[in-house]
Asks: 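Below is a structure I'd like to ask you about.
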2 protein chains.
Amino acid sequence: MTGTDAAVLVVEDDVAMRRVLVTALRTSAYTVIEAGTGREAAAQAAGRNPDVILLDLGLPDADGVDLTRKLRTLTRAPIIVISARGREHDKVAALDAGADDYLTKPFGTVELLARIRVALRHARAADRGSEDAAFAAHGVRVDLTARRVFANGREVHLTPTEYKLLAVLVRHPGRVMTHRQLLELVWGPSYVSQTQNLRVYMGQLRHKLEHDPARPRLLTTEPGVGYRLDGE
Amino acid sequence: MTGTDAAVLVVEDDVAMRRVLVTALRTSAYTVIEAGTGREAAAQAAGRNPDVILLDLGLPDADGVDLTRKLRTLTRAPIIVISARGREHDKVAALDAGADDYLTKPFGTVELLARIRVALRHARAADRGSEDAAFAAHGVRVDLTARRVFANGREVHLTPTEYKLLAVLVRHPGRVMTHRQLLELVWGPSYVSQTQNLRVYMGQLRHKLEHDPARPRLLTTEPGVGYRLDGE
DNA sequence: GCGAATCCTTATAGAATCCTTACACCCCCG
DNA sequence: CGGGGGTGTAAGGATTCTATAAGGATTCGC
């Protein structure tokens, strides 16, 4: 598989290293976009819509993990992190911040290209689904782009965590989300076994949204499995 | 919390190594499925529908790259390859055969867990685009991705065990599943002789799904062998 | 700093689920 | 005609899971 038009954003401050990367990518027929700073990287990611991002963590002007998180808000393109630091902690932090792969220097060009192919494979598979930005049922309306929630025509105030939880459910209407999924997406990977907390927040959401919180029609329980946001 | 969440298939012949992996996964509240050979791996990948596959390339009975390709035809679950061989050629071969990540021994457990989280993230993103895997016959419809079951247009509530049992049958429509197979896949390897329990649950499923539970057309009995999910 | 909002934990009652036991049934064969 | 293996239904106690309230810890805004 060759580049077939795919655009790769290379974020790397070291000029020599950058030249190596760019040459390898051009040889494989990728379109290359370059950035030498975190600020530039964000601009290019937002403006040029790359298909893959190669990100060197060791930029002088930005913390790598923060930048990863930032880029993730700007684009859904896979991020392959390149770093001189090979400690486990660094890897985990970057991966949990939204990176899709982590390569430690020094690495081979051939391997890098193979990992780029994997990333593109993923991106294409994920592209097929696009999300709705709104949900409405049972007198409840959720506007994800405006971050607003209404119940029976009245706007309801939700705390950040409540909203996050509801937003996850809205993105998967009608389908059961397991405790694990909800906990991981709302609270993060290290909270996957704190199911009690999830129950508390689900109760708060019901209290604010359901007509009769004791007999939920919108936020239903699937005992032993998880919760579901029901349409009509 | 019961183990109805993300399931990880661990393919590893070395017992010591396997124990390390299984312990780490269980601690993070994953459901673990184990396989020690290539043949077993294929069977479990097809039968248990894991969410991620951890594959050691160094199995005695199968070539790792071939097995990767084989597994890719059986499931779309992400494959994380674990290998003692760290040569670039090996990595590229595995990645291009369909693997999603490649870890070289020795590696840290924390990093492995982080990479599993990445893989699950991808799987979920890809899931959104795919059509719902479903089964329909005799007025019964089973939606495996939404975890919903309908009979005669009405949604039926199934308990976790009932659903698990039905899900196994749905993945092998028309084929007889032996008592042993069903017990192992639903209740686990230590329950393979508790056939009475299976009868009870099969009865409950019939009661909820069949038009006339006494004359089952969907869930038929193969005396002395097992049960079968019949199409039209 | 201070108050208010939010978060997370704990405790407990109530609900759902699981698994076992008990027993009736059916069909085949001696 | 009477077992006997295999099967289907019913019921209940033990276990697990869930809902809700309440309070201390923490964070946030001013």
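Each chain gets a letter, A, B and so on, in the order the sequences are listed, and its residues count up from 1. Just so you know, these numbers come straight off a predicted model, no measurement behind them.
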Asks: So if I take every side-chain heavy atom of A:T159 and compare against C:dC7, C:dT17, D:dT18, which nucleotide ends up nearest?
Replies: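 Nearest to the side chain of A:T159 among the choices is C:dC7.
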Asks: Could you check how far OH of B:Y163 sits from P of C:dT17, rounded to whole Å?
Replies: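 B:Y163 atom OH is separated from C:dT17 atom P by 15 Å.
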Asks: Measure CG/A:L165 against C1'/C:dT6 and give the value in whole Å, please.
Replies: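 Distance check: A:L165 CG to C:dT6 C1' gives 15 Å.
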Asks: Have a look at B:Y227 and say if it touches a base, only the backbone sugar-phosphate, or nothing, with a 4.0 Å heavy-atom cut-off.
Replies: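 B:Y227: backbone/sugar contact only, no base atoms under 4.0 Å.
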Asks: Name the closest nucleotide to the A:Q196 side chain, picking from C:dT10, D:dG8, D:dT18.
Replies: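 Given the options C:dT10, D:dG8, D:dT18, the side chain of A:Q196 is closest to C:dT10.
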Asks: Which nucleotide in the list C:dC8, D:dT18, C:dC19 gets nearest to the side chain of B:N197?
Replies: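 The listed nucleotide nearest to B:N197's side chain is C:dC19.
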Asks: Taking ring-ring contact (aromatic ring centres under 6.0 Å, His included) as the criterion, tell me which of A:W187, A:Y191, A:Y227 meets it with A:Y201.
Replies: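 That would be A:W187.
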Asks: To the nearest 0.5 Å, what is the distance between CZ (A:R206) and CG (A:D212)?
Replies: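 The distance works out to 11.0 Å.
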Asks: Side chain of B:P160 only, please: which of C:dT9, D:dT7, C:dC18 is the nearest?
Replies: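 For B:P160, the side-chain atoms sit closest to C:dC18.
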Asks: Listed in order of residue number, which residues of residues 200-212 of chain A have a non-hydrogen atom at under 4.0 Å from DNA chain D?
Replies: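 Within this stretch, A:V200, A:R206 sit under 4.0 Å of the strand.
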Asks: Do A:D100 and A:H122 pair up side chain to side chain, a donor and an acceptor below 3.5 Å, judged on atom types alone?
Replies: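 Per modelled atom types, A:D100 and A:H122 side chains form no pair under 3.5 Å.
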Asks: Tell me whether the side-chain N/O atoms of B:W187 come closer than 4.0 Å to OP1 or OP2 in C:dC18.
Replies: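 No, B:W187 has no side-chain N/O under 4.0 Å of OP1/OP2 on C:dC18.
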Asks: Could you tell me whether the side chains of B:H138 and B:E210 share a donor-acceptor contact shorter than 3.5 Å?
Replies: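 The criterion, which ignores hydrogens and geometry beyond distance, is not satisfied for B:E210 and B:H138.
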Asks: Quick one: B:L219 CG to D:dT7 C1', roughly how many Å, whole number?
Replies: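 So the two atoms are 15 Å apart, to the nearest Å.
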Asks: I need the CZ-P distance between A:R199 and D:dT16, as an integer number of Å.
Replies: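 That distance rounds to 14 Å.
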Asks: Measure from the side-chain heavy atoms of B:T161 and tell me the nearest of C:dC18, C:dT17, D:dT20.
Replies: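 Closest nucleotide among those given: C:dC18.
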Asks: I need the single residue from A:L229, A:L165, A:V225, A:L182 that forms a side chain to side chain contact (heavy atoms under 4.5 Å, CB included) with A:M177. Which is it?
Replies: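 Among the candidates, only A:L182 passes.
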Asks: Does C:dC19 have its OP1 or OP2 closer than 4.0 Å to a side-chain nitrogen or oxygen of B:Q194?
Replies: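 It does not, given that no N or O in the side chain of B:Q194 lies less than 4.0 Å from OP1 or OP2 of C:dC19.
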Asks: Atom NZ of residue position A:K208 - does it have more than 12 heavy atoms of other residues, nucleotides or ligands inside 6.0 Å?
Replies: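 Yes, NZ of A:K208 has more than 12 neighbouring heavy atoms, counting only those of other groups under 6.0 Å.
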Asks: Can you tell me how far C1' of C:dT21 sits from CG of B:L198, to the nearest Å?
Replies: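 Atom CG in B:L198 sits about 17 Å away from atom C1' in C:dT21.
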Asks: Using the side-chain heavy atoms of B:H157, tell me which of these nucleotides is nearest: C:dC19, D:dT18, C:dT17.
Replies: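 Comparing C:dC19, D:dT18, C:dT17 against the side chain of B:H157, the answer is C:dT17.
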Asks: With a 3.5 Å distance limit and no angle check, can you tell me whether B:D13 reaches the backbone of B:G36 through a side-chain donor-acceptor pair?
Replies: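 No, the answer is negative, given that no donor and acceptor are paired below the 3.5 Å cut-off.
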Asks: Please give, in whole Å, the distance from C:dA15 P to A:E222 CD?
Replies: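 After rounding, the reported distance stands at 19 Å.
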Asks: In whole angstrom, give the distance that lies between atom NE2 of A:H179 and atom P of D:dC17.
Replies: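 Distance check: A:H179 NE2 to D:dC17 P gives 9 Å.
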Asks: How about B:D143 and B:T145: does a side-chain donor come under 3.5 Å of a side-chain acceptor?
Replies: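 Note: B:D143 and B:T145 side chains meet the donor-acceptor criterion.
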Asks: Does a nitrogen or oxygen in the side chain of A:T195 sit under 4.0 Å from OP1 or OP2 of D:dT18?
Replies: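 It does not, given that no N or O in the side chain of A:T195 lies less than 4.0 Å from OP1 or OP2 of D:dT18.
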Asks: Of the candidate nucleotides D:dT9, D:dT7, C:dT9, which contains the atom at the shortest distance from the side chain of B:A214?
Replies: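 Looking only at heavy atoms from C-beta outward on B:A214, the closest nucleotide is D:dT9.
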